[in-house]
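Remarks on the structure that follows.
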Amino acid sequence: MTALTVALVLIVAAAVILRWRRPAWYWLAFGAAFAALRVLVRYTSVMDACGLTVPPSRWRLTLARITNRPVPESRAPRILRIRPTRTGLVLRLKLRPGQDAFDVSTATDRLRHSFAMYGVTSRELRSGVVEVRMTGYDVLKRVQMPARTDTAPMRVPVALREDGAVHYRDYRSVPHGLTLGATESGKSVYQRNLVAGLAPMNVALVGIDCKQGVELFPLARRFSALADNPDTALDLLEALVTHMEGVYQLIRAQQRITVNVPDAEIAADIWDLPDHLRPVPVVVLVDEVAELALFATKDEEKRRDRIITALVRLAQLGRAAGIYLEICGQRFGSELGKGITMLRAQLTGRTAHRVNDESSANMAFGDISPDAVLAAIQIPTDTPGIAVTGDSSGGWARIRAPHTSLREAVNLCNKHAHRTPDLPALAPFRPATAALPSDRVPLSKPAPATA
């Protein structure tokens, strides 16, 4: 009896420690089983209380009347599968006739309370089938990215969603993105995660950091071009436009549109070209876009107009040439001058960290999702890194990037410095970097040579 008591005490102590220090381990060891049992036991009554049941059909009522049986009860959606994950449970439901996926989405908050889960979201997989994702704990409190993620060219796992899924920055499907946020909101950490995810890939990184380069220049060994002031940024952007025109000439030369060429071999962008001819894709990171748009003199205004024109051209035409924009800033509204709203309309991916006012959130999501605006202005000040992401489809989600220090990002860029491509058009803007120190450092001075 004493041994059993000691074992129970040790199990309880281990559960408490895991829940405090390793919530994912606690969930997989204890929480998932208890939560699945709770869902299965309460399922029918909860669905009935949440209005997610349908009355019995006429043939069932007729059969009960003929056989003199009790009136059948209302039926809830049928559970096709219940699957535990490292952050919660995933239920796949088959809807009954007359039900809609919107009915489930409107009842997610009631399901969260009824099943005692931290969060519940739903999405329609196909007609009549809905996936309900439940999280057992706050996955955004201490972000821990899974050890394995889906890897693909130009697809970067950059953050964790509130439903436990990994948030990817996929440049092939969403070419250009906009990241907004106030000071100390987590924009720099989000940007470091992007650079850290792109560093091992076959891609050219181009940076524009008008804060004298304090954010991007420590990562210079992995960048093919960098600019730290508006004048250099103008020359760099115009060089990128020239590079884009050269890539289009290459695509035109390789299209081979004849009756003998299959449709799959006709080139329309760089990803249709053969591997040995495909130019290296380019990701342009702009750290603070307002510094490129502000001006005080007539000469600065002319420079500003040329910069915005070059950015708009890259946003409109750069996707097929493999040029992708990632623009960051605290605000991105019409007060920055003409052409800004045209540029913003080309930035499909939107990410907003904590903002200081509602108008800043409207700059990111006002034209795509009013609900995302409300979520963005509710981000508390004591949780840097939490953001709301969305795209032109209207869907949005809360995310948080794992904390990556500048030292970690520098080490990763130095490790993959050999992957930095040399682009002839951007050669004048290649940052000058010192040689990396040797891996082996002598522990003692060599003995002096003797005659």
Side-chain angles (χ1 to χ4, degrees), residues 138-145 156-162 167 169 177-198 205 207-220 226-230 233 284-294 325-333 335-336 340 344 347 349-366 372-390 396-413:
D138 187 2
V139 299
L140 301 184
K141 183 178 181 180
R142 187 185 294 114
V143 178
Q144 295 177 345
M145 299 290 286
V156 182
V158 70
L160 199 65
R161 291 175 177 260
E162 63 179 345
H167 173 66
R169 180 66 178 92
L178 171 64
T179 303
L180 295 179
T183 304
E184 294 295 327
S185 63
K187 294 195 310 297
S188 298
V189 174
Y190 180 83
Q191 191 177 63
R192 286 175 206 158
N193 278 276
L194 276 177
V195 175
L198 290 169
L205 299 180
I208 298 177
D209 182 5
C210 291
K211 294 188 297 186
Q212 299 300 314
V214 296
E215 292 289 347
L216 297 181
F217 271 73
L219 316 174
L226 280 171
D228 62 353
N229 60 79
V284 183
L285 295 103
V286 180
D287 184 67
E288 184 53 69
V289 67
E291 290 299 319
L292 299 177
L294 296 176
L325 299 182
E326 196 70 44
I327 296 180
C328 300
Q330 298 186 30
R331 289 178 63 85
F332 201 76
E335 68 271 8
L336 295 181
I340 287 295
R344 185 178 60 189
L347 306 178
R350 309 287 178 86
T351 302
H353 293 74
R354 176 181 54 84
V355 293
N356 291 326
D357 53 2
E358 185 177 352
S359 61
S360 297
N362 276 315
M363 295 173 190
F365 302 115
V373 175
L374 182 61
I377 62 178
Q378 291 178 346
I379 298 176
T381 58
D382 58 346
T383 54
I386 290 184
V388 176
T389 183
W396 62 275
R398 281 162 52 94
I399 63 171
R400 191 176 193 180
H403 179 72
T404 301
S405 65
L406 185 58
R407 180 74 267 173
E408 293 172 342
V410 169
N411 291 342
L412 193 59
C413 288

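We number each residue from 1, following the sequence as shown.
- Rounding to the nearest 0.5 angstrom, the gap separating the CG atom in L205 from the SG atom in C413 is 7.5 Å.
- The side chain to side chain donor-acceptor pair (under 3.5 Å) search around E215 returns S188, not counting sequence neighbours.
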Discussion item. Evaluate L178 against T351 for side chain to side chain contact (heavy atoms under 4.5 Å, CB included), listing each step before the verdict.
Written reply: CA-CA 6 Å; L178 171 64; T351 302; over 6 Å; no
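- For the side chain to side chain donor-acceptor pair (under 3.5 Å) test, residues two or more places apart in sequence or in another chain that qualify with E326 are R169, Y171.
- With a 4.5 Å cut-off on side-chain heavy atoms, Q191 and C328 count as touching.
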Solution key, residues 380-389 side-chain donor-acceptor pairs under 3.5 Å, sequence neighbours excluded:
from: T383; atom 1: OG1; to: P380; atom 2: O; distance (Å): 3.3
from: T389; atom 1: OG1; to: R350; atom 2: O; distance (Å): 3.3

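- Taking CZ of R192 as the reference point, atom NZ of K187 lies at 11.5 Å (rounded to 0.5 Å).
- Partners of Y190 according to the ring-ring contact (aromatic ring centres under 6.0 Å, His included) rule, which considers only residues two or more places apart in sequence or in another chain, are H353.
- Here the closest heavy-atom approach between residue V158 and residue A401 is recorded as O-CB, 3.5 Å.
- Remark: V286 engages I208, V284, V289, L292, I327 in a side-chain contact (heavy atoms from CB on, under 4.5 Å) (not counting sequence neighbours).
- E408 has its side chain out of reach of L412: every pair of non-hydrogen atoms, C-beta onward, lies at least 4.5 Å apart.
- Proximity of L160 to I399: side-chain heavy atoms (C-beta onward) are nowhere separated by under 4.5 Å.
- Minimum interatomic distance between V189 and T404 (heavy atoms only, all atoms of both residues): CG1-N, 3.8 Å.
- Not counting sequence neighbours, the partners of D287 by the salt bridge (Lys or Arg N to Asp or Glu O under 4.0 Å) test are K211.
- In terms of the salt bridge (Lys or Arg N to Asp or Glu O under 4.0 Å) criterion, residue partners of R331 (sequence neighbours excluded) are, by chain and number, E335, D357.
- For V410, the side-chain contact (heavy atoms from CB on, under 4.5 Å) partners at least two apart in sequence or on another chain are P218, L219, L406, R407, N414.
- Distance alone, capped at 3.5 Å, places no donor-acceptor pair between the R354 side chain and the A376 backbone.
- In this structure, A372 and F365 approach most closely via the heavy-atom pair CB-CG, 3.6 Å.
- Considering only residues two or more places apart in sequence or on other chains, N362 meets the side-chain contact (heavy atoms from CB on, under 4.5 Å) condition with E358, V373.
- Within a 6.0 Å radius of CD in E184, other residues, nucleotides and ligands contribute 12 heavy atoms or fewer.
- Checked against side chain to side chain donor-acceptor pair (under 3.5 Å), N356 has no partners two or more places apart in sequence or in another chain.
- Judged as a side chain to side chain donor-acceptor pair (under 3.5 Å), and not counting sequence neighbours, the contacts of R161 are H167.
- D209 places a side-chain N or O within donor-acceptor distance of the main-chain N or O of L216, the cut-off being under 3.5 Å.
- The heavy-atom pair separating M145 from P402 by the smallest distance is CG-CG, 3.6 Å.
- Within the model, atoms CD of Q330 and CE of M363 stand 11.5 Å from one another, a figure rounded to the nearest 0.5 Å.
- Heavy atoms of other residues, nucleotides or ligands lying less than 6.0 angstrom from CZ of R398 number 12 at most.
- Among all heavy-atom pairs drawn from A364 and A352, the shortest one is CB-CB, 4.2 Å.
- Residue D228 holds its CG atom at 12.0 Å from CD of E291, rounded to the nearest 0.5 Å.
- Residues that satisfy the side-chain contact (heavy atoms from CB on, under 4.5 Å) test with V355, not counting sequence neighbours, are S360, A361, I377.
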